[in-house]
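First the structure, in the form of structure tokens, and then the observations on it.
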Amino acid sequence: MTVAERIRQTIRTIPDFPKEGIQFKDITPILQDPILSKDIVDEFVKLLDGKVDAIAGIESRGFLFGFSLAMQLGVPFILIRKKGKLPYETISHKYDLEYGTAEIEMHTDSVNEGMRIHIHDDLLATGGTAIAASELIKKQGGKIAGYSFLVELAFLKGAEKLNTYSNQTASLVKY
Ligand code: AMP
């Protein structure tokens with residue numbers, strides 16, 4: 001079985017979580033399988049095209065495989081978090097949600113001018129979160145090297161929106 005097939009078999013879909021109409025893709029069963037987890041990191045390493053200077057993971061499930069991926073590639077890991085969680089000096093970016101706004105932050109010393117940053121999260125839905133992370137990195141002078149996700153909800157066409165920043169989007173499983 002391929003890694004993609006094993007992910008499909010292992011992910012749990014929870015209907016109507018956190019609200020009605022959402023089919024929530026729960027990746028926690030993958031974390032209970034260390035062999036599959038390691039194979040997923042290896043798969044991302046294979047798919048990453050070109051050189052990257054750092055991996056940025058989006059809170060919180062983007063930290064799980066993002067940090068392992070950074071270690072495997074031998075590059076720094078950057079935490080992109082919701083406002084108010086990071087202790088040092090931060091740079092932030094506000095963006096619109098379906099209802100209201102959200103704000104994300106990273107430490108000011110995590111990105112230097114011209115660094116090629118690869119953005120990682122567990123799942124790509126509308127692309128709003130990944131775009132906000134991209135804008136935040138660009139504010140600090142970073143370049144977007146590409147994106148990776150375990151799961152892409154392809155029917156929401158988020159990857160098309162990410163093309164504005166980079167056409168290197170790797171998703172292991174698409175629904
Ligand atoms: P979006 O900004 O619409 O691309 O949403 C992506 C973010 O929301 C990621 O950080 C995901 O973890 C989370 N997310 C959105 N939809 C789902 C879903 N159906 N199942 C699990 N996580 C989701």
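Just so you know, ligand 1 is whichever comes first in the structure, and atom 1 is the first atom listed for that ligand.
- Among the candidates Leu79, Thr90, Ile117, Ile137, the single residue satisfying the side chain to side chain contact (heavy atoms under 4.5 Å, CB included) test with Met106 is Ile137.
- Here the side chain of Ser37 pairs a donor or acceptor atom with the backbone of Ile30 at under 3.5 angstrom.
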For each nitrogen or oxygen atom of ligand 1, which protein N/O atoms lie closer than 3.5 Å, and how far apart are they, rounded to 0.1 Å?
from     : atom 1 : to     : atom 2 : distance (Å)
ligand 1 : 2 (O)  : Gly128 : N      : 3.4
ligand 1 : 2 (O)  : Thr129 : N      : 2.8
ligand 1 : 2 (O)  : Thr129 : OG1    : 2.5
ligand 1 : 3 (O)  : Thr126 : N      : 2.8
ligand 1 : 3 (O)  : Thr126 : OG1    : 2.5
ligand 1 : 4 (O)  : Ala125 : N      : 2.9
ligand 1 : 4 (O)  : Thr126 : N      : 3.0
ligand 1 : 4 (O)  : Gly127 : N      : 2.7
ligand 1 : 10 (O) : Asp121 : OD2    : 2.7
ligand 1 : 12 (O) : Arg61  : NH2    : 2.7
ligand 1 : 12 (O) : Asp122 : OD1    : 2.7
ligand 1 : 19 (N) : Gln23  : O      : 3.0
ligand 1 : 20 (N) : Lys25  : N      : 2.9
ligand 1 : 22 (N) : Arg61  : NH2    : 3.4

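- Between Phe63 and Phe77, the ring planes lie perpendicular to each other; the angle is over 60°, past the 30° to 60° tilted range.
- Of the candidates Leu124, Asn167, Ile119, Asp121, Tyr147 forms a side chain to side chain contact (heavy atoms under 4.5 Å, CB included) with just one, namely Ile119.
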(message) Between Ser92 and Glu103, is the side chain to side chain donor-acceptor pair (under 3.5 Å) condition met? List the steps.
(response) CA-CA 7 Å; Ser92 69; Glu103 199 164 352; 2.9 Å; yes
(request) Assess whether side chain to side chain contact (heavy atoms under 4.5 Å, CB included) is satisfied between Ile27 and Ile11, documenting all intermediate values. (result) CA-CA 5 Å; Ile27 64 159; Ile11 279 182; 4.2 Å; yes
